[in-house]
Amino acid sequence: MIVVKDLVRQFKSGDRTIKPVNGVSFELEKGSLASIVGKSGSGKSTLLSLLGALDKPTSGDVVVDGVSLAGLPDGKLTEYRRRDIGFVFQQFNLIPNLSAVDNVMLPMEFAGVRKAARLQRAKELLEQVQLDPEKHSRRTNRLSGGEQQRVAIARALANEPKLILADEPTGNLDEQTGEHIIELLSSLSRDHNTTILVVTHDRSLAQKTERCFRLQQGKLTEEVRTGSRR
Amino acid sequence: MSVLARSVGNAFRNKIRTAAVVAVLAVAIGLALAMLVANQAVGAKVQELNASVGTTLTVNPAGGQGFEGGGEPLTTAEAETAASVANVTAVVGTKALRLQTATTADSSTATTQPGPGGGFGPGGQQATVSTNLMAAVDAGTLGNRNGSAGTTGATGTSGTTTQPSRTLPITATGIGAEVDGTGKALDITSGTGLGDYTASEAKALVGTSLAEKNSLTVGSTFTIQDKTFTVAGIFDAGTTFGNNAVYVTLPEAQTLAETPDELSTMIVTVNSMENVDSTKTAVQAALGTDKADVTQGQRNLETAVSSLDSVKNISLIAFIAALATAGIIILLIMVMLVRERRREIGVLKAIGARNRTIGLQFVLESLVLVALGSVVGAVIASLASGGIASALISSNTTTTAATTTQRGGGLAGAMPNGAVPGGGMPGGGMGGGQGGPFGGASQLLTSVTASVSPGVLAAGIAAVFAVAIIGALVPALLTARIRPIEVLRGE
């Protein structure tokens with residue numbers, strides 16, 4: 001359960017103050033798949049970075065399972081990212097000189113999981129995201145875009161997070177591969193009971209999520225749906 | 001995959017760059033290590049010099065030195081007077097003898113007895129006695145020149161018609177302790193010392209080359225003035241001249257010279273470096289300025305030691321500079337790597353890496369580079385340090401060596417046959433070749449050998465690693481300032 005309360009983030013740009021996120025409030029139930037759509041520069045990524053504790057809000061708060069992020073010191077925020085958040089990026093952001101398995105094992109290493117256990121779990125996760133076993137030990141800069149994104153999703157799942165934040169996960173992929181990734185995310189949210197929030201400007205992707213928010217000039221509005229997506 | 005494995009992997013991410021960095025580091029580290037080795041070698045030599053000659057005073061009869069000059073000889077009583085001066089720990093008397101090979105002695109009437117006008121120089125200080133030993137040094141041009149000068153200068157009866165084929169005399173010194181003419185302990189390579197140096201006993205220590213020339217080993221016998229001596233030990237003086245010598249006990253030499261109680265020189269050892277100057281004055285006062293000349297061995301070595309000291313300082317500064325260079329190379333390389341991998345650092349932070357984990361990863365990566373640089377650098381150092389040390393020494397001491405030898409009397413003059421201040425050795429025939437005028441300073445300078453000891457190398461590499469860690473710490477701390485939101489920035 002994630003509760004966002006009146007979140008504001010402002011930057012100084014020259015002598016102007018810009019507010020890409022200006023008073024955003026919403027709640028997400030556990031295990032739901034939601035999307036945030038908006039034009040480029042509408043503040044989607046800023047909102048995502050605030051939810052993932054990559055950045056600190058100017059005001060407002062994010063409460064995850066009753067724990068408020070606003071008052072947490074940097075060390076605790078690192079722990080929050082490690083334990084409760086999984087990131088999937090448009091640019092994949094894998095470590096290029098490490099193998100797929102090593103990339104998936106990385107968050108578990110930071111969490112102090114023993115080597116044998118993290119190797120086994122990494123292999124299981126890579127199977128879940130349907131990466132060929134022969135490619136498990138291949139360096140990630142030698143994998144295709146779709147394969148890299150699968151590895152990134154497996155990495156995001158490594159520490160069984162409460163929330164997966166995906167920033168344009170299909171942005172660098174062709175349509176068909178993008179659909180596979182969306183299906184994968186969708187089934188993961190069902191199977192793992194994980195909350196997934198996808199930021200996208202892809203309307204067709206947004207259509208497939210349970211809830212869809214629209215971010216416009218720093219304000220969030222929920223699009224009301226008729227009928228179920230599933 | 002552990003932090004260490006990741007760091008090693010990262011160090012080789014760009015192999016060409018890694019090779020370039022390692023090469024540059026290796027030169028800096030190699031230079032640092034070579035300088036450290038040179039510094040240690042020179043430092044050890046300076047210490048050795050200070051320890052061996054720094055606290056000794058040499059007492060010669062007033063107006064005489066070695067076998068030159070005139071005045072009254074020193075006596076055993078004066079040795080006791082010197083020993084009673086404050087801060088004096090020991091007084092060793094020496095008595096110089098010149099051993100002339102018996103066959104040559106036969107051809108010249110004057111050489112068998114001491115006295116001016118002899119074929120082989122003035123004998124005031126130095127008694128000439130016969131022996132059956134052959135000198136290990138050939139007369140050569142210098143010896144013959146000295147010999148002819150001596151002969152023509154003499155009023156003797158031999159004249160120029162009976163000019164014999166020259167055989168160089170052998171130096172024999174009666175010593176009151178197991179030290180050579182400069183007060184330095186003898187290096188006995190086989191056999192034993194003479195035991196009680198204050199007792200008259202027919203035993204002798206023979207220099208290595210002299211022993212070889214005459215096929216002497218420990219237990220062999222030879223004669224001096226028809227008296228049979230047993231070889232108790234063989235010593236190595238380190239020089240050709242020094243090894244063409246014999247040491248007997250002081251009373252034995254006095255008996256042979258038929259001058260009991262007379263001393264050629266006294267070597268006075270002072271208890272500490274600080275007291276050398278005051279003790280020198282005190283000994284001079286106790287003996288009387290008209291009786292004895294007191295010289296300080298260290299004075300004459302001062303220029304040599306100070307030039308060695310400056311080499312030591314230069315090498316130390318060069319070591320620190322090379323070390324700092326290595327540190328700066330590491331610093332700049334790591335700053336570059338951190339900037340290059342901002343986004344990746346952001347990724348690591350986004351997926352929950354602690355700041356210290358990332359910092360450690362970068363420090364370890366720099367240490368991998370330094371380790372590679374150290375291996376190559378140590379090879380460079382072991383090949384180059386000898387050359388660097390000798391280049392440093394020769395460039396720094398060519399001028400000082402000349403000035404030192406001009407005043408070389410202290411070091412060499414303490415030996416009865418050493419170089420005499422102010423010029424050659426008329427009638428001496430004692431030079432034994434080129435060793436004479438340059439025997440002192442240049443020999444001690446060239447004997448500085450820069451050998452790469454594992455201990456020094458290990459200490460140097462430890463210093464390199466310490467500097468590398470400091471150099472890598474700054475970039476590692478920079479990583480802590482990189483915010484995880486970097487991950488969302490575009491390429």
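Naming convention: chains lettered A, B, ... in sequence-line order (proteins, then strands); numbering from 1 in each chain. Keep in mind that the numbers below use all heavy atoms, side chains included, and drop hydrogens, waters and symmetry copies. Predicted model, so just to flag it, every value in this text is computed and none were measured.
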Using a 6.0 Å cut-off, check whether atom [atom1] of [X] has over 12 heavy atoms from anything other than its own residue.
{"X": "A/Gln217", "atom1": "CD", "answer": "no"}
{"X": "A/Lys5", "atom1": "NZ", "answer": "no"}
{"X": "A/Lys30", "atom1": "NZ", "answer": "yes"}
{"X": "A/Arg142", "atom1": "CZ", "answer": "no"}

> In terms of heavy-atom proximity below 4.5 Å to chain A, should B/Asn10 be classed as side chain, backbone, both, or neither?
Replying inline: both

> Considering only heavy atoms, which portion of B/Arg483 lies under 4.5 Å from any heavy atom of chain A: side chain, backbone, both, or neither?
Replying inline: side chain

> Going from CZ on B/Arg354 to OG1 on A/Thr78, what distance comes out if it is rounded to the nearest 0.5 angstrom?
Replying inline: 8.5 Å

>> For a quick test of reading the model, state the closest non-hydrogen atom pair linking B/Ile485 to A/Ser49 and the distance between them.
In response: CD1-OG, 3.5 Å

>> Can you give me the closest heavy-atom contact between A/Phe110 and B/Gly352, atom names plus distance?
In response: CB-O, 3.7 Å

> Short question: side chain of A/Arg81, backbone of B/Lys349 - any donor-acceptor pair under 3.5 Å?
Replying inline: yes

> Can any side-chain N or O of A/Asp167 pair as donor or acceptor with the backbone N or O of B/Leu488 at less than 3.5 Å?
Replying inline: no

[X] vs [Y] side-chain heavy atoms within contact, under 4.5 Å:
{"X": "B/Arg6", "Y": "A/Asp102", "answer": "no"}
{"X": "B/Leu348", "Y": "A/Ile95", "answer": "yes"}
{"X": "B/Val347", "Y": "A/Phe87", "answer": "no"}
{"X": "B/Ser2", "Y": "A/Lys115", "answer": "no"}

> Does the side-chain contact (heavy atoms from CB on, under 4.5 Å) test come out yes or no for B/Ile351 and A/Arg82, once each step is laid out?
Replying inline: CA-CA 5 Å; B/Ile351 63 175; A/Arg82 182 166 66 234; over 6 Å; no

> Of the backbone (N, CA, C, O) and the side chain (C-beta and beyond), which part of A/Arg155 lies under 4.5 Å from a heavy atom of chain B, both, or neither?
Replying inline: side chain

